[in-house]
Amino acid sequence: MPELDSYEKTMEVLNKYDFHFKKKYGQNFLINPHILEDIVEGAEVTEYDTVIEIGPGIGALTQHLAEAAGRVICIELDDRLVPILHDTLSGYDNVTIINDDVLEVDFEKLFEQEKITGPVKFVANLPYYITTPIILGLLQKDIPFDSITVMVQREVAERMQAKPGTPEYGALTLAVEFYTEPEILFTVKPENFIPRPKVESAVITLHRKELTDEEKAIQGPLFKTVRAAFNQRRKTLVNAIYNAGISDLSKQEMENAMWNSCITTTWRAEVLSLKDYIRLAEVLKVK
Ligand code: SAM
């Protein structure tokens, strides 16, 4: 049975180990068992799944995941939490604890080492300071998984479904649209965490889409184009992409190619839809 289901029990563990939160690691631990259950339910975790949890903290969500999943592999950066996790998860024989930075993990190697074959789901209450690199990394590294269910800042959840032309629209929006079907499950108020974050949070699921052969072929050039455009978002499109050196075309050839495919060269990054970016990567022959 999951035990870390209240403020009091969480404080008991923190005091036992004299644990102090590190803000730089984005440590906001969930203390509401209903939310922990709702995350597991929202992720549709079954006994056939391997769940990879990023940032288990003291293991509150991990306990709930271990009850529902065939197997849980959790990756925690803060080495002070490792002995705590061994303690709080000692009742579960289906949990593997890895002490590493998720941004440094070679998932291909991890899947091989851990002999992971069945369906994989990522589930996490993410450290908010690196939400975007974590999600972009998982989507773009071609890791075989079914879905990602994560708690993020509400504003980030909204950014994932932003429309072109709005300030929230960016590389994350485009990657989420290209690779997944996103679904915002529910929002969570700050009082459900210790310490309390300053902002509201939201739990979202990104269901991975099956890419066509054409989409597989264009994904590399597409996201090079997107990165080039958003890295210099104050510049016009043609200048931003020309400066990035990702195409062998001259600036004049780029302008002609864009003109011929109805993309205005003076537009800026946030104006183009996903379809526009795909067309742009193709006509500019991005490598
Ligand atoms: N899962 C716990 C919960 O819901 O109560 C803790 C979530 S807390 C928001 C984020 C966790 O991610 C912390 O335990 C933090 O130490 C860990 N973390 C931060 N940066 C990380 C990284 N680069 N790789 C892996 N874990 C990280």
Side-chain angles (χ1 to χ4, degrees), residues 2-14 17 19-43 45 51-69 72-89 92 95-107 110 121-138 141 143 148-154 156-157 185-186 188-204:
E3 289 163 350
L4 301 168
D5 58 359
S6 65
Y7 171 79
E8 289 73 24
K9 294 215 180 118
T10 303
M11 285 312 295
E12 208 178 288
V13 172
L14 298 179
Y17 287 90
F19 180 87
H20 298 275
F21 294 103
K22 273 197 183 154
K23 207 172 163 194
K24 69 167 180 174
Y25 287 162
Q27 291 175 336
N28 301 96
F29 295 172
L30 272 166
I31 48 168
N32 183 335
H34 303 296
I35 291 175
L36 295 165
E37 271 161 35
D38 289 349
I39 294 174
V40 178
E41 213 169 283
V45 174
V51 170
I52 304 183
E53 186 194 6
I54 299 162
I58 62 167
L61 179 58
T62 327
Q63 290 187 344
H64 286 260
L65 290 168
E67 296 276 341
V72 182
I73 297 176
C74 50
I75 304 167
E76 173 56 59
L77 173 63
D78 188 345
D79 46 16
R80 300 171 308 151
L81 288 166
V82 175
I84 304 183
L85 286 165
H86 280 292
D87 179 359
T88 59
L89 301 171
Y92 297 95
V95 179
T96 307
I97 301 159
I98 296 178
N99 183 200
D100 207 344
D101 179 344
V102 69
L103 297 177
E104 301 292 325
V105 171
D106 179 341
F107 279 99
L110 178 73
K121 291 175 176 154
F122 281 89
V123 183
N125 169 15
L126 285 180
Y128 292 170
Y129 74 108
I130 44 167
T131 301
T132 302
I134 291 176
I135 295 178
L136 281 178
L138 296 180
K141 273 187 212 145
I143 302 164
I148 303 176
T149 299
V150 278
M151 173 98 74
V152 295
Q153 289 180 17
R154 186 179 178 160
V156 176
L185 300 181
F186 53 91
V188 181
K189 297 235 178 286
E191 52 266 32
N192 292 294
F193 303 82
I194 46 165
R196 292 181 181 195
K198 289 203 177 68
V199 290
E200 259 199 26
S201 305
V203 177
I204 54 149

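Since this is a predicted model, take the numbers as computed values, not measurements. Just follow the structure's listing: the first ligand is 1, and inside any ligand the first atom is 1.
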Kindly list each side-chain donor-acceptor pair under 3.5 angstrom involving residues 128-137, sequence neighbours excluded, with atom names and distances?
unit_1: Tyr128; atom_1: OH; unit_2: Ser201; atom_2: OG; d: 2.7
unit_1: Thr131; atom_1: OG1; unit_2: Tyr128; atom_2: O; d: 3.3

_Any pair counted as side chain to side chain donor-acceptor pair (under 3.5 Å), so long as it reaches residues 74-84, sequence neighbours left out_ =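 Counting only pairs at least two positions apart or across chains, the side chain to side chain donor-acceptor pair (under 3.5 Å) contacts touching residues 74-84 are Gln27-Asp78, Asp78-Arg80.
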Close N/O pairs between ligand 1 and protein, under 3.5 Å:
unit_1: ligand 1; atom_1: 1 (N); unit_2: Glu53; atom_2: OE2; d: 3.4
unit_1: ligand 1; atom_1: 1 (N); unit_2: Gly55; atom_2: O; d: 2.8
unit_1: ligand 1; atom_1: 1 (N); unit_2: Pro56; atom_2: O; d: 3.4
unit_1: ligand 1; atom_1: 4 (O); unit_2: Asn125; atom_2: ND2; d: 2.9
unit_1: ligand 1; atom_1: 5 (O); unit_2: Leu30; atom_2: N; d: 2.8
unit_1: ligand 1; atom_1: 14 (O); unit_2: Gly57; atom_2: N; d: 3.3
unit_1: ligand 1; atom_1: 14 (O); unit_2: Glu76; atom_2: OE1; d: 2.7
unit_1: ligand 1; atom_1: 16 (O); unit_2: Gln27; atom_2: NE2; d: 2.9
unit_1: ligand 1; atom_1: 16 (O); unit_2: Glu76; atom_2: OE2; d: 2.6
unit_1: ligand 1; atom_1: 20 (N); unit_2: Tyr129; atom_2: OH; d: 2.8
unit_1: ligand 1; atom_1: 23 (N); unit_2: Asp101; atom_2: OD1; d: 2.8
unit_1: ligand 1; atom_1: 24 (N); unit_2: Val102; atom_2: N; d: 3.0
unit_1: ligand 1; atom_1: 26 (N); unit_2: Leu77; atom_2: N; d: 3.3

*asked:* What verdict does the side-chain contact (heavy atoms from CB on, under 4.5 Å) test give for Leu185 and Thr149, after you've listed the backbone C-alpha separation in whole Å, the side-chain angles of each residue and the deciding distance to 0.1 Å?
replied: CA-CA 9 Å; Leu185 300 181; Thr149 299; 4.2 Å; yes
*Under the side-chain contact (heavy atoms from CB on, under 4.5 Å) rule, collect the residues that match up with Thr96, sequence neighbours excluded.*
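Arg71, Ile73, Ile98, Glu114.
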*Does a sphere of radius 6.0 Å around NZ in Lys189 hold more than 12 heavy atoms from other residues, nucleotides or ligands, not counting ones at 6.0 Å or beyond?*
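No, not enclosed.
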*pair Leu4-Phe29: side-chain heavy atoms closer than 4.5 Å*: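 Answer no - side chains too far apart.
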